[in-house]
Chemist: 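Just dropping this structure here.
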2 protein chains.
Amino acid sequence: MSDIRVLVVEDEPLLAEAHKAYTERVPGFVVVGVAHTARDAMAALRQRGGTDVDLVLLDFRLPDLHGLDVCRALRAAGSSVDVLAVTSARDLAVVRTAVSLGVTHYLLKPFTFAAFRDKLERYAEYRRQALADGEVAAQHEVDRMFATLRGATRHTLPKGLDEHTLHTVLAALGDGGLSATEVGQRTGISRVTARRYLEYLVSVDRAVRAPRYGTPGRPEMEYRPT
Amino acid sequence: MSDIRVLVVEDEPLLAEAHKAYTERVPGFVVVGVAHTARDAMAALRQRGGTDVDLVLLDFRLPDLHGLDVCRALRAAGSSVDVLAVTSARDLAVVRTAVSLGVTHYLLKPFTFAAFRDKLERYAEYRRQALADGEVAAQHEVDRMFATLRGATRHTLPKGLDEHTLHTVLAALGDGGLSATEVGQRTGISRVTARRYLEYLVSVDRAVRAPRYGTPGRPEMEYRPT
DNA sequence: ACGCTTGCGTTCATTCTGTTCACCCCTGCG
DNA sequence: CGCAGGGGTGAACAGAATGAACGCAAGCGT
């Protein structure tokens with residue numbers, strides 16, 4: 001199976017580099033181009049005849065056109081290249097339209113590498129199933145393809161940590177500025193456990209810690225989500 | 001929440017009637033039109049201004065144009081109406097293209113009413129989440145929308161589960177707040193079996209689980225029906 | 001400096017989870 | 001009527017997640 005060829009479309013040069021680096025950290029993917037505007041992106045896709053790019057990492061906020069318009073133009077031109085929306089647009093109307101235009105996934109900026117990799121790996125798996133030139137025999141095969149692409153996110157937590165507790169802690173943390181003890185009080189969880197989860201969040205860059213000075217005694221650690 | 005308005009596109013008159021009847025058997029859906037050709041379908045959609053139809057049940061094998069071309073024309077015209085592909089085309093290439101054009105689902109003919117209803121109900125649930133004019137706060141909310149639309153299907157009880165036991169467990173659960181052990185005690189079923197059924201209920205969103213904190217030792221899981 | 005104060009970070013007992021596997025019951029078949 | 005097979009159940013077990021206890025770390029005050 002040859003690599004999946006990706007075109008990165010992102011106007012901010014630093015982010016474009018970051019997305020490129022992220023993509024190439026995922027086995028099976030290779031970046032074949034970077035575009036900074038909608039015009040460049042469409043030119044790159046046209047030039048390549050629509051067969052040399054498998055997946056477009058498309059920022060929706062571009063200087064010249066909106067990403068949704070790029071999608072529409074692609075579809076109108078008969079291209080069936082796959083699109084992964086990478087954007088900070090949180091409007092449900094935009095999500096709806098993106099879905100109707102067939103984006104494979106919709107990744108909110110800023111994102112962690114884990115979230116990014118999850119989307120790419122799902123796409124790779126979908127592609128493995130869909131790329132064959134054969135035919136599907138039964139409904140459940142089609143269902144499985146759709147589910148592979150869009151099914152619930154799998155997230156692997158370290159041992160000793162529980163997913164539900166993690167959500168509870170995250171919710172209690174709110175906008176941050178809380179110590180482990182305070183999070184514990186808010187959730188009914190013990191300080192020890194609250195700390196366990198807060199430290200996990202720090203370890204995966206979903207929170208930061210800072211000491212609280214000014215009072216006697218050892219300073220308290222204050223956690224804040226990122 | 002008003003009904004979801006459906007346009008049925010199917011050239012075979014008998015099948016068109018059948019699809020219409022099926023659709024109206026699903027609560028929350030209403031058929032607002034039937035078209036027998038691609039031309040008719042596009043005319044109907046244009047006439048209605050693109051805002052009076054929420055979902056198109058689209059046969060791909062039409063006398064004048066292929067369903068895929070209808071999709072492409074819709075997208076090119078800026079319509080973001082949702083499309084449920086209903087077709088006997090089993091080519092993976094067709095499925096791939098359909099996905100890239102944003103079809104919500106792909107239903108192989110011939111199909112059972114159960115399979116059909118599953119697709120419509122998933123779409124309704126997706127719509128409920130996506131229709132608000134608000135904004136999404138986090139990645140997992142978008143993920144849930146995609147998963148609702150495309151997640152794995154489960155219409156029958158998995159092996160190893162018995163319907164009668166399921167009802168017993170559901171009845172014992174009452175308003176919730178019970179652990180697997182407690183449900184077991186109330187029903188005379190073992191904890192293991194009670195848990196088996198409770199977890200099934202969670203997996204199909206008919207119950208939620210939350211840990212009970214405060215005491216030493218691994219927390220108990222508390223189940224609550226939704 | 002040096003103690004004082006306060007909470008951090010860790011260890012470990014505790015309790016319940018999740019899984020495995022043997023058993024039992026039912027059904028179909030020779 | 002005996003036997004094989006499969007689906008559903010529960011006893012036993014390995015280990016997962018929590019919180020109490022405790023020693024030590026880290027600022028503050030004199």
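Chain letters run A, B, ... following the sequence lines, proteins first, then strands; residues in each count from 1. No experiment lies behind these values; they were computed from the predicted model shown.
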Chemist: Quick check on contacts: within residues 217-225 of chain A, what sits under 4.0 Å from DNA chain C by heavy-atom distance?
Modeler: A/G217, A/R218, A/P219, A/E220, A/M221
Chemist: Figure out the CD1/C1' separation between B/I189 and C/dC24, and round it to whole Å.
Modeler: 16 Å
Chemist: Tell me if the CZ atom of B/R61 is crowded by more than 12 foreign heavy atoms within 6.0 Å.
Modeler: no
Chemist: Atom CZ of A/R195 and atom P of C/dT11: how far apart are they, to the nearest Å?
Modeler: 11 Å
Chemist: For C/dT17, does either OP1 or OP2 sit under 4.0 Å from a side-chain N or O belonging to B/R191?
Modeler: yes
Chemist: Any non-hydrogen side-chain atom of B/V9 less than 4.5 Å from a side-chain atom of B/D59?
Modeler: no
Chemist: Give one of base, sugar-phosphate or nothing for A/T181, where a contact means two heavy atoms less than 4.0 Å apart.
Modeler: sugar-phosphate
Chemist: Distance-only, no hydrogens or angles: does the A/D91 side chain make a donor-acceptor pair with backbone N or O of A/V94 under 3.5 Å?
Modeler: no
Chemist: Measuring from atom NZ of A/K109 to atom CD of A/E10, what distance do you get when rounded to the nearest 0.5 angstrom?
Modeler: 3.5 Å
Chemist: For residues B/E222 and B/L178, determine if any side-chain heavy atom of one lies less than 4.5 Å from a side-chain heavy atom of the other.
Modeler: no
Chemist: Check the pair A/H19 / A/F111 against ring-ring contact (aromatic ring centres under 6.0 Å, His included), numbers first and verdict last.
Modeler: CA-CA 10 Å; A/H19 294 175; A/F111 49 83; 5.4 Å; yes
Chemist: Assuming nearest nucleotide by heavy-atom distance, tell me which of A/K159 and B/S190 is located more 5' along DNA chain D.
Modeler: B/S190
Chemist: Taking 5' to 3' order, which nucleotide of DNA chain D is first and which is last to have an atom within less than 4.0 Å of a heavy atom in chain A?
Modeler: D/dA16 to D/dC28
Chemist: Using every non-hydrogen atom in the two residues, find where A/G67 and A/L58 come nearest and quote the distance to one decimal.
Modeler: O-CD2, 3.6 Å
Chemist: Quick one: on DNA chain D, does B/V192 or A/P211 contact a more 5' nucleotide (nearest heavy atom)?
Modeler: B/V192
Chemist: Measuring to OP1 and OP2 of C/dT17, would you say a side-chain N or O of B/R212 lies under 4.0 angstrom away?
Modeler: no
Chemist: For this output row, return yes or no: ring centroids of B/H167 and B/Y197 closer than 6.0 angstrom.
Modeler: no
Chemist: Given atom CG of B/L198 and atom C1' of C/dT17, what is their separation to the nearest angstrom?
Modeler: 13 Å
Chemist: Is any side-chain heavy atom of A/Y200 closer than 4.5 Å to one of A/R206?
Modeler: no
Chemist: To the nearest 0.5 Å, tell me how far B/L84 CG sits from B/L120 CG.
Modeler: 6.5 Å
Chemist: Any luck finding a side-chain donor-acceptor pair between A/Y123 and A/R127 under 3.5 Å?
Modeler: yes
Chemist: Please enumerate all protein N or O atoms sitting under 3.5 Å from an N or O of nucleotides 21-23 of chain C, with distances to 0.1 Å.
Modeler:
none

